[in-house]
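Notes follow once the structure below has been shown.
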Amino acid sequence: MALTDHPKAYGSAAVALAFTAGILVTLGFKDLYPDLESRYQRKRRSTARRPSGRSSDPGRRGSLFWGAPVKLEDHETLLEHDSATSALATGRDVQGTSDGIEACIGNTPLIRIASLSEATGRTILAKAEFLNGAGNSPKDRVALNIIREAEEQGLLHSHQGDTIYEGTVGSTGISLAALARAKGYKAHICMPDDQSFEKSDLLLHLGAEVERVPVQPITSPDHFVNLARRRAKEHASIRADGSKGFFADQFESPSNWRAHFQTTGPEIVSQTNGVIHAFVAGAGTGGTISGVTKYLKEQASLSSPPLIVLADPQGSGLYNKIRHGVMYSPTEKEGTRRRSQVDSIVEGVGINRVTQNLEEGRDLIDDAVKVTDEQACRMARWLVQKDGLFVGSSSAVNCVAAVQAALKVREGDTVVTVLCDPGTRHLSKFYKKIKEMGLEEGEVEDLYEDLGLERPED
């Protein structure tokens with residue numbers, strides 16, 4: 001019997017044939033889709049390059065079967081949009097990557113210290129140098145520039161056993177130790193034994209060799225700076241492996257002030273849009289204040305030169321050197337003080353000699369402010385209570401001086417200072433003193449009364 005003579009059989013065969021055809025078409029479309037998608041992407045890129053006025057919608061195509069338009073989404077573009085939105089929310093730059101720890105140095109935020117600004121009627125801004133990513137201080141800039149310039153001069157060669165020697169009270173040594181590891185060198189740090197143990201412990205954890213030495217005046221061959229210089233000279237004869245010893249010489253090396261002239265100064269001008277009426281900083285080596293000052297007064301082409309104020313702790317001779325032209329102490333002659341730095345609990349700033357780095361910008365400094373240990377301690381506690389800023393002793397000195405400098409400029413003017421390093425490096429000495437003074441008990445509301453400063457006239 002023929003198939004046409006049996007309607008049910010004919011219908012079953014037709015259904016089976018249609019089902020089979022559907023499977024074959026589906027499989028064929030599956031293989032064809034990647035090619036269609038590839039053509040779509042090429043057409044979309046071509047359309048994107050067309051001059052304006054030539055219209056085309058690359059996101060719509062007619063269906064092979066139903067003729068209805070189908071929109072194909074560009075998932076790559078959607079991901080880029082989501083990433084850009086995330087970048088706006090976090091403030092992070094998502095374009096590309098950076099190479100190593102060096103990329104974490106510089107371009108630190110310039111933050112407004114609300115409590116000091118409101119108390120003085122001036123805008124007090126602080127460069128958050130504790131956010132530099134190698135050693136968490138402005139010395140990261142200095143250490144990096146010292147190493148780079150030494151390499152350019154052929155004084156250092158990486159991964160050959162060369163060792164960087166330095167005499168430091170802590171911060172520069174920490175920066176050098178971290179960068180030495182990153183760039184293929186060893187580090188040997190000499191420091192006075194009256195500095196906080198947080199610093200020497202951190203140096204050891206960074207892999208540096210550390211010598212804590214008895215306090216000596218700079219005239220002594222065993223002063224920590226002179227000892228580091230001697231260790232560098234002895235390196236070749238002691239190691240006898242062809243490696244070099246390099247003395248970083250942060251106090252006298254022009255690589256120090258140049259680091260701030262080339263980076264810190266330009267950043268401050270950019271971040272303030274050139275509106276800066278005073279700059280305040282302490283001096284240990286003198287590199288920060290000289291480098292920034294030289295840029296602000298000699299390079300930046302500001303509408304008017306800002307007031308430059310040196311912040312100096314008690315026991316240091318720089319206040320008198322700037323104010324009166326002599327390094328005067330009522331008890332000791334210049335350069336013979338028994339203390340390695342100054343008679344102060346403050347670490348990192350203050351000195352009783354003029355370094356080459358300070359000399360570079362000394363004539364451009366307009367004024368100096370003397371800050372007592374008590375004022376520094378009170379300011380450090382004030383910043384924690386009012387602004388959540390937990391910073392070290394030299395930062396506190398800078399902020400006390402910034403308040404005093406603010407009263408030398410007009411109401412509404414802008415004063416810039418520096419927050420050098422985090423308070424975590426000063427727990428066993430500076431913050432221990434703050435606790436002993438009872439400053440962690442209760443709240444203080446009057447800045448001028450707390451610091452013992454004369455209240456400005458309204």
message = Evaluate Glu211 against Arg231 for side chain to side chain contact (heavy atoms under 4.5 Å, CB included), listing each step before the verdict.
response = CA-CA 11 Å; Glu211 282 189 78; Arg231 293 282 187 258; 2.8 Å; yes
With a 3.5 Å distance limit and no angle check, can you tell me whether [X] reaches the backbone of [Y] through a side-chain donor-acceptor pair?
X      : Y      : value
Ser237 : Glu234 : yes
Gln375 : Thr372 : yes
Glu440 : Lys435 : no
Asp241 : Ser243 : yes
Gln250 : Ala143 : no
Asn357 : Gly286 : no
Asn226 : Ile218 : yes
Glu298 : Thr293 : no
Gln314 : Asp373 : yes
Arg181 : Gly207 : yes

Close side-chain approach of [X] to [Y], heavy-atom, < 4.5 Å:
X      : Y      : answer
Met327 : Leu318 : yes
Ser344 : Ser316 : no
Ser393 : Val349 : no
Val169 : Pro192 : yes
Gln404 : Val309 : no
Ile174 : Lys139 : no
Phe279 : Val418 : yes
Val369 : Val400 : no

Working to the nearest 0.5 angstrom, can you tell me the gap between [X] [atom1] and [Y] [atom2]?
X      : Y      : atom1 : atom2 : answer
Ile289 : Ile365 : CD1   : CD1   : 4.0 Å
His426 : Lys432 : NE2   : NZ    : 16.0 Å
Asn320 : Lys370 : CG    : NZ    : 6.0 Å
Glu166 : Thr172 : CD    : OG1   : 6.5 Å
Leu203 : Glu209 : CG    : CD    : 11.5 Å
Leu131 : Leu419 : CG    : CG    : 9.0 Å

Met379 and its side-chain contact (heavy atoms from CB on, under 4.5 Å) partner, picked from Asp450, Val397, Leu447 =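 For Met379, the side-chain contact (heavy atoms from CB on, under 4.5 Å) check succeeds only for Leu447.
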request  = Could you point out which residue of Ile351, Val326, Val354 forms a side-chain contact (heavy atoms from CB on, under 4.5 Å) with Lys321?
outcome  =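 Only one option passes, and that is Val354.
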Taking 4.0 angstrom as the limit, do [X] and [Y] come out as a salt bridge?
X      : Y      : result
Lys186 : Asp162 : no
Glu443 : Arg381 : no
Arg455 : Asp446 : yes
Arg425 : Glu347 : no

inquiry  = Going by salt bridge (Lys or Arg N to Asp or Glu O under 4.0 Å), name the residues that satisfy it together with Asp363, two or more places apart in sequence or in a different chain.
reply    =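 Per chain and number, Asp363 pairs via salt bridge (Lys or Arg N to Asp or Glu O under 4.0 Å) with no residue.
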ask   = salt bridge (Lys or Arg N to Asp or Glu O under 4.0 Å) with Arg148: which residues, sequence neighbours excluded?
value =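 With sequence neighbours excluded, Arg148 shows a salt bridge (Lys or Arg N to Asp or Glu O under 4.0 Å) to Glu102, given in chain and number order.
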request  = Applying side chain to side chain contact (heavy atoms under 4.5 Å, CB included), run through Thr414 and Val409 and close with a yes or a no.
outcome  = CA-CA 8 Å; Thr414 298; Val409 297; over 6 Å; no
Considering all heavy atoms, the nearest [X]-[Y] contact:
X      : Y      : result
Ala150 : Phe246 : CB-CZ, 3.6 Å
Asp413 : Arg122 : O-CB, 3.4 Å
Asn398 : Ala311 : OD1-CB, 3.7 Å
Trp257 : Lys294 : CZ3-CE, 3.6 Å
Ala208 : Ile189 : CB-CG1, 4.3 Å
Val444 : Trp382 : O-CZ3, 3.5 Å

Can a donor-acceptor pair be found between the side chains of [X] and [Y] at a distance below 3.5 Å?
X      : Y      : value
Ser428 : Glu198 : yes
His260 : Ser290 : no
Lys183 : Ser158 : no
Ser255 : Asn145 : no

Within 45° cone of Phe197 ring axis and under 6.0 Å: Arg212 NZ or CZ =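 Positive - Arg212 is close enough to the ring of Phe197 and near enough to its axis.
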task = Go through the steps to decide whether Ile322 and Arg362 satisfy the test side chain to side chain contact (heavy atoms under 4.5 Å, CB included), and finish with yes or no.
result = CA-CA 8 Å; Ile322 298 300; Arg362 182 166 64 91; 3.8 Å; yes
query = What class does the angle between the rings of Phe390 and Tyr431 fall in, given that below 30° is parallel, 30 to 60° is tilted and above 60° is perpendicular?
reply =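 Plane angle between 30° and 60°, so tilted.
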Any residue meeting side chain to side chain contact (heavy atoms under 4.5 Å, CB included) with Asp366, in chain and number order, not counting sequence neighbours =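 With neighbours one apart ignored, the set is Lys297, Leu307, Ile308.
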query = Does CD in Glu454 sit with more than 12 non-hydrogen atoms of other residues, nucleotides or ligands closer than 6.0 Å?
reply =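 Counting neighbours around CD of Glu454, 12 or fewer heavy atoms of other residues, nucleotides or ligands fall under 6.0 Å, so no.
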message = Test side chain to side chain donor-acceptor pair (under 3.5 Å) on Glu267 and Tyr295; report intermediate values, then the result.
response = CA-CA 10 Å; Glu267 288 173 23; Tyr295 185 82; over 6 Å; no
Residue from Thr168, Asn256, Thr355 passing side chain to side chain donor-acceptor pair (under 3.5 Å) with Thr285 =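 When side chain to side chain donor-acceptor pair (under 3.5 Å) is applied between Thr285 and each of Thr168, Asn256, Thr355, only Asn256 qualifies.
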key: Test log, rule ring-ring contact (aromatic ring centres under 6.0 Å, His included), inputs Phe247 and Tyr165   = CA-CA 5 Å; Phe247 177 49; Tyr165 292 83; 8.6 Å; no
task = Would you please test Asn132 and Ile105 for side chain to side chain contact (heavy atoms under 4.5 Å, CB included) and show each step?
result = CA-CA 5 Å; Asn132 282 304; Ile105 299 174; 3.9 Å; yes
